[in-house]
Each structure stands twice: as C-alpha cells, then as structure tokens.
Amino acid sequence: MKNIQVPRGTRDVLPPEVYKWNYVEALFRHICEKFGYKEIRTPIFEHTELFHRGVGETTDIVQKEMYSFKDNGDREITLKPEGTSPVVRSFIENKLYADTQPTKLYYITPCFRYERPQAGRLRAFHQFGVEVFGTSNPAVDAETIGLAMAFYKSLDIKNLELRINSVGCPECRRKYNDTLRNYLSTRVDRLCKTCQDRYERNPMRIIDCKVESCKKEIADIPLMLDHVCEDCRNDFEGLKENLTLMEIPYQVDPTIVRGLDYYTKTAFEIISHEIGAQGTVCGGGRYDGLIECLGGPATPGVGFAMGVERLLLTLQNNNIEIPKPKGIDIFIATIGENASKEAVKLLHKLRLEGIAADKDHMNRSLKAQFKYADKLHAAYTIVIGDDELDKDSVQLKNMETGQQEEIKLSTILELMKSKIK
RNA sequence: GUGGCUGUAGUCAAGCGGUUAAGACACAGGAUUGUGGCUCCUGCAUUCGUGGGUUCAAUUCCCAUCAGCCACCCCA
C-alpha cells in the first residue's frame, strides 16, 4: 500500500526536536509575563469575513493564500493566516475594552497560508505574538519591541537587526500616495514589469525594487517618512526616544512597508541574516484603525508576530544549544520472570512518587538492558534476579561513575526519593 | 503564481547504460558463567521518490508527476 505523507509545506516535530519547542514556548511565556502581558487563546479557525476585513481585501494573504472552506452548516470558515485579527475579534466580542486599559495580550498559535514552501516559509507554521490595545503612546510601541529584543537576548541570539519606519496615518498616507503617483506618472513606462503592476496596486512597494534600472529611475523618490503629518512625526520621534532610553539599537528604514492593510504609524522588522531569503524573524507595528474596522470602539493597538520556525532556524544557524532534557532517574534491569514481575510493581511505585523510571519490554539480555539504560541516560541502574529477591539486596549502580553500592531492595523507593532531590 | 537545482536504506552518501547497488553513522545481535559507554565481529536496499517512455538492457537517458531546496514574489 502506498504511504501517506504530510501535506506539502507542513512537517512533524519529532521527539528529538520537540524539547526545543517546549523550551522557547516556555521562555516566551516567561518574558511576556514579566512584561505584564497575559496569554489569550483563540480558535484555529474563524469566519472568513474576519480576515477579509481584518487583514484587507487587497493583500496577498486574502487574495490567494487562505485555507478557506465551507463547513457542514454552510458557514464560510478560514484557518487563521495570522494572529492579530482573531485577538482583536475576541477583544471586541468579550468587551475587554471595558476593563482597565491598556489590554496587554500574548499568544502562541499555528497559522496557515497557502504559499510556495521554502526554508523558513511553511504552509502550516507557528507564531508568537503580542498585542496591546487602548493606548496610542509610542512608548508602548517601543515596549513591544523591547519585549521581542529581550526574548532574543535571553536566547543569546546576536546579529539581529531592528529596522523601524512610520507608514503614517490614513490622512498622511493618502496625501503621500498622491505625491507618489504624481512623481511616478511620468516614469511608469520606464519601470520594470512588476513595478508597473505595483504602480496600480501598491506604489509604495516600488521603493524596494531591486532592479537596477528602477533604482536609477526612482533615485529621488519621495519617502513616506518625509511626508508624515506632524502628529505621526512626533510619535515616530517618541518611538526612537524610547528605544534609546532602553538602549536598543535601531536603523530607520523608510522602505519597510507592512503587507497587511491595517498598519498605521510604527512599522518594524527584526531581521536575521543567517537564515536565507526569509530573514524577517519578527514583524509588527501599530494598527490604530483595526479595532474600529472590525466593529469595536475606536481603540488604538500595536503588536508584533514572530515566526517560531524561523526562530528555531536562527538558533540552529548560530549554533545556539537549547538545554537537553535529562534522562530517567533509574532503570530496573531484570533476570527471569519473577524479577520482571517484581520490577513492574516497583516501577509503578517509583513513578507514583515522581521518580522517572523504566524497564525493558523487549526481552533483552542483561547486557543489552544495560545498553538500553545507557541510551535512556539513566542516572542509576539496579539488577534484580532471583538472588536479589531472596536476599532483599541489590547493587545500585551509578551509571556515570560506574560505582555500585549494595542496598536493600525494600528501601529503594525511599533512597531514590532522597537521591533525586 | 514564475524561474532554477535536487530526489539512492532511519540519516549522510558512492555508483550515472550491462550479471550479487560501495562506504559511514544509526539500529539490532554477539565477543564463554548476571553489568553500559571504547574496541572488534555479524546482520540490516529483490531495489534507486512515483508513473510512463527509449533500449536487447536503465538507479543511470527522456517525459510527466510528487516532494525538498534556492531565487523572485510575499511574509513570520
């Protein structure tokens, strides 16, 4: 029979890998809690309309990347392609705005996007994210960046680059787009094909074109950052000031344009140069219009998302080791039927006391049982045979030093309890 | 969605038209009496992602398909 494999762009996380996931998840939770953020969990699927409104009709995500389907009750359902919209939906639905503000939330969630898979880009992937609702103070934008940087720092990741920009508010962006179209209108036909397409769809993207002829053509293109209104400019200055207060180095990069429609003002990216073309390890910014757009009261918001797979890739490419889980406390090797039965009794008692213990179930020879104990990284091993049962006496072997001491079998439980403390 | 590279055991791989498909690691067993890690020995692919085609003959050539990687695109 033919094997069934995982769908394209998905993968299994197997035991030799999963401890790393547990580690970074625990660390992320820990850091978030220290920063005063609370965990929120939302469903893996939502009504499709949430993403149409929350992410934006014009985005690639909505236009071609969503896993959407009709359920048996004829509802239009979509597997979440990102984490922010569901959290905003929940904030509104559960009236969290009625609580003390700001609302500071974090989440760990799988996301789904139908894209061409590549290193650091999967169809089923995972995000860590935070959102803060209820304040437009740029100090909070800086705080979320500080949280991300603190997280990376505690993993000892270096060589990350923080790039910040302001994409303005709806008013200054509209004016800017007019300025941009005006500037470009005389040169469109000299731009590359993709840029001509961008001119229609999202003229801001032309700024970051890599084609030489385009670069030349747009050398003095007006930048958003130079055309933001007074208010947006002040907030951007506030952001920079707060980053400086926290001693977080940054680069202003006027070419950062977030792909999701809802961003306003602050946009930022944290980039790793070691993991290939998909180097954005964290991306986020402010989205002051989103909550209202999804039917909530006018409430400002800011947040970020980081890709867990990309994080793990970065760790790997920087040779950063995650502490390996330790082995079992004791292995019980047996010779003969009676001993094996006795071991089952003892094993369960040990386990009930919180001692990590195991025995062989493959009818291995004594020698092979020791090899197995070694593989399980057992701290101690005892051998039970008929003699030991008769005399109530076993050799307790320390697997690291190889030393054995003779002990009473009946006292092993108390002894192990004291040993693992 | 576009272009390019790749696909041989659990893993990394050699072979690139011709009877039994190297090697390493991993895994399993053993090296006389009931003790692991080192060493040594033994075993482990009727088959080369899948399906077609060319040929007397294909893992080796061609096509398709699937999957992985890389770049674009996009983004976390």
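All values below come from the heavy atoms of this structure, side chains included, with hydrogens, waters and symmetry mates left out. Proteins come first, then strands; the chains are lettered A, B, ... in the order of their sequence lines, and each starts at number 1.
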Rounded [atom1] spacing from [N] to [M] in Å:
{"N": "G49(B)", "M": "U60(B)", "atom1": "P", "result": "8 Å"}
{"N": "C72(B)", "M": "U59(B)", "atom1": "P", "result": "38 Å"}
{"N": "G68(B)", "M": "A22(B)", "atom1": "P", "result": "30 Å"}

Nucleotide nearest Pro117(A) when distance is taken to its side chain, options A76(B), C69(B), G30(B): C69(B)
Please pick, from G30(B), A76(B), C73(B), the nucleotide with the shortest atom-to-atom distance to any side-chain atom of Glu115(A).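 Closest of the options to the side chain of Glu115(A): A76(B).
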Donor-acceptor pair under 3.5 Å, Asp374(A) side chain vs G36(B) base: yes
Does [X] place a side-chain N or O at less than 4.0 Å from the phosphate oxygens OP1/OP2 of [N]?
{"X": "Arg8(A)", "N": "C66(B)", "value": "no"}
{"X": "Arg121(A)", "N": "G68(B)", "value": "no"}
{"X": "Lys367(A)", "N": "G36(B)", "value": "yes"}
{"X": "Gln395(A)", "N": "U35(B)", "value": "no"}
{"X": "Lys375(A)", "N": "C27(B)", "value": "yes"}

Which sits closer to the 5' end of RNA chain B, Ala378(A) or Arg364(A), going by the nucleotide each is nearest to?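 Nearest-nucleotide comparison on RNA chain B picks Arg364(A).
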Where each residue is assigned the nucleotide of RNA chain B containing its nearest heavy atom, which of Thr280(A) and Asp387(A) is assigned the position nearer the 5′ end? Asp387(A)
Would you check if there is a donor-acceptor pair between the side chains of [Y] and [X] at a distance under 3.5 Å?
{"X": "Tyr37(A)", "Y": "Glu131(A)", "value": "no"}
{"X": "Thr244(A)", "Y": "Glu247(A)", "value": "no"}
{"X": "Thr135(A)", "Y": "Asn137(A)", "value": "no"}

Just name whichever nucleotide pairs with [N], Watson-Crick or G-U, keeping both distances under 3.5 Å, else none.
{"N": "A28(B)", "result": "U42(B)"}
{"N": "G23(B)", "result": "C12(B)"}
{"N": "A67(B)", "result": "U6(B)"}

Taking the six-membered ring for Trp, are the ring centroids of Phe331(A) and Tyr372(A) within less than 6.0 Å of each other?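 Yes - the distance between ring centres of Phe331(A) and Tyr372(A) falls below the 6.0 Å cut-off.
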Check this for me, if you would: do Arg173(A) and Glu171(A) make a salt bridge, where the nitrogen-to-carboxylate-oxygen distance has to be below 4.0 angstrom?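 Glu171(A) and Arg173(A): not salt-bridged.
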Base, sugar-phosphate alone, or nothing: which one does Thr381(A) contact when heavy atoms must sit under 4.0 Å apart?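 Thr381(A): no heavy atom of the nucleic acid under 4.0 Å.
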